[in-house]
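Only a predicted model underlies this, so the values are computations on that prediction, with no experimental measurement involved. In listed order, ligands and their atoms are each counted from 1.
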Amino acid sequence: MRSLIDILELTTKELDELIAVAEDIIENPSKYSESCKGKKLATLFFEPSTRTRLSFEAAMYELGGNVLGFSEANSSSAAKGESVADTAKTISCYADIIAMRHPKEGAPLVASMNASIPVINAGDGGHNHPTQTLADLLTIKREKGSLSNYTIGFCGDLKFGRTVHSLIAALSRYENIKVVLISPEELKLPDYIKKDILVKNGIEFVETTDLDKVIGELDILYMTRVQRERFFNEADYIRLKDSYILTPKKMENAKPTLSVMHPLPRVNEISVAIDNDPRAAYFKQVLNGKYMRMALILKLLEVEVK
Ligand code: CP
């Protein structure tokens, strides 16, 4: 039995296989429509979510399975002090697979060590978000035709941005990726990720505070939200929240082939005027997330579809 806590638990071959299954689901949805009949997914969300929780639920329904769960800690017995370990043991009596989001880094790992069913990390604090990375990889593959050979800029909150941390780790598996890190000084990518992922894998990277200066070099621009919920000090959030706002004016200097990605939700860091720009890929990411979560559920439940 396998869980998915960190994207690096999947080999490059497995990532490519998941992408291939997701693309087959897109082409042949009816082939998969009863593949998880009789199976139950439990969505345990201790932190707010729209896309991740509902795309997991949509994924399981489209595989013919069922869903149970909760969408906030206060409606579970965590509010009475129940531990993550006991929650995981309990849910193992009711479901076949768990998707868990938690504000504390490491909580889904603790769940996986205590559950007798697979646990998927659906985002843990400022740490990791492997299934968003699966959505991002499918989007890059479909937008660019390949997961190798491009320059990707990450812009905004690179310190607490778990989607950025997981995607950088996954991209380290592919060839000829150049990374441009665009953030305020206070929200720079943590040193351990630079050292353990970028430097260790020989990935070329530069850091800058100036989006305008580098936008023209990028093939992909991965925007992120400055996350109010990760700040200890409201004044710091207010000072940093409008550091980068992507507008049609800024896009004039970008390549015509640029893909603009964002894990969403956005606040104001991408102007809504960009939504109709053909370079906007962020709502395609939302849909791709559902297909990749379908592929992942099939893999972890060891369901073979012929
Ligand atoms: N991208 C993402 O994780 O969105 P939600 O917080 O809405 O799930």
Side-chain angles (χ1 to χ4, degrees), residues 4-7 18 22 41-62 67 69-76 97-105 107-108 111 119-140 142-143 152 154-171 220-231 237 241 246 259-270 272 274-275 280-297:
L4 179 66
I5 305 302
D6 186 312
I7 195 70
L18 285 170
L41 165 76
T43 51
L44 312 185
F45 277 63
F46 295 86
E47 197 186 56
S49 166
T50 295
R51 274 147 295 274
T52 311
R53 184 172 67 84
L54 296 179
S55 69
F56 263 116
E57 296 192 358
M60 195 50 160
Y61 285 126
E62 289 187 30
V67 177
F70 51 82
S71 59
E72 53 176 332
N74 280 343
S75 64
S76 78
I97 187 165
I98 290 171
M100 175 186 279
R101 170 169 291 187
H102 203 287
K104 286 210 176 106
E105 283 88 350
V119 175
I120 301 171
N121 179 2
D124 61 331
H127 188 219
N128 272 317
H129 195 347
T131 64
Q132 179 63 47
T133 302
L134 295 178
D136 298 342
L137 292 176
L138 179 59
T139 306
I140 294 171
R142 290 175 81 78
E143 292 298 296
I152 179 166
F154 291 93
C155 179
D157 176 2
L158 310 189
K159 179 177 179 184
F160 300 112
R162 60 193 175 197
T163 63
V164 171
H165 303 167
S166 288
L167 182 54
I168 287 177
L171 292 181
I220 299 168
L221 172 57
Y222 194 98
M223 293 295 294
T224 62
R225 172 176 67 97
V226 175
Q227 302 170 85
R228 176 178 233 143
E229 65 272 29
R230 308 275 176 237
F231 281 82
Y237 168 72
K241 72 183 175 63
L246 190 64
S259 296
V260 180
M261 296 175 62
H262 190 310
L264 302 179
R266 75 173 148 193
V267 181
N268 62 347
E269 60 278 4
I270 300 179
V272 291
I274 291 175
D275 293 1
Y282 31 95
F283 286 108
K284 294 182 202 170
Q285 264 171 285
V286 173
L287 184 57
N288 289 335
K290 182 185 71 174
Y291 296 123
M292 286 303 270
R293 290 180 177 109
M294 289 171 81
L296 180 65
I297 290 169

Can you confirm if the NZ or CZ of Arg293 lies within 45° of the ring axis of Phe56 and under 6.0 Å from the centre of its six-membered ring? yes
List for me each residue that meets ring pair (Phe, Tyr, Trp, His ring centres under 6.0 Å) alongside Tyr222, sequence neighbours excluded, and say none if there are none. Phe154
Tabulating one pair per line, provide the atom names and distances (0.1 Å) for every N/O atom of ligand 1 that is less than 3.5 Å from a protein N/O atom.
residue	atom	partner	partner atom	Å
ligand 1	1 (N)	Gln132	OE1	3.0
ligand 1	1 (N)	Pro263	O	2.8
ligand 1	1 (N)	Leu264	O	2.9
ligand 1	3 (O)	Thr52	OG1	2.9
ligand 1	3 (O)	Arg101	NH2	2.9
ligand 1	3 (O)	His129	NE2	2.9
ligand 1	4 (O)	Arg51	NE	3.1
ligand 1	4 (O)	Leu264	O	3.3
ligand 1	6 (O)	Arg101	NH1	2.9
ligand 1	7 (O)	Thr50	N	2.8
ligand 1	7 (O)	Arg51	N	3.0
ligand 1	7 (O)	Arg51	NE	3.3
ligand 1	7 (O)	Arg51	NH2	2.9
ligand 1	8 (O)	Ser49	OG	2.6
ligand 1	8 (O)	Thr52	N	2.9
ligand 1	8 (O)	Thr52	OG1	2.7
ligand 1	8 (O)	Arg101	NH1	3.4
ligand 1	8 (O)	Arg101	NH2	3.3

Is the ring pair Phe46/His102 parallel, tilted or perpendicular, if the boundaries are 30 and 60 degrees? tilted
Mind checking the CG-OG1 spacing from Leu4 to Thr131? Nearest 0.5 Å is all I need. 7.5 Å
Between His129 and Arg101, do the side chains contain an N or O donor and an N or O acceptor separated by less than 3.5 Å? yes
Should we count NZ of Lys290 as having more than 12 external heavy atoms under 6.0 Å? yes
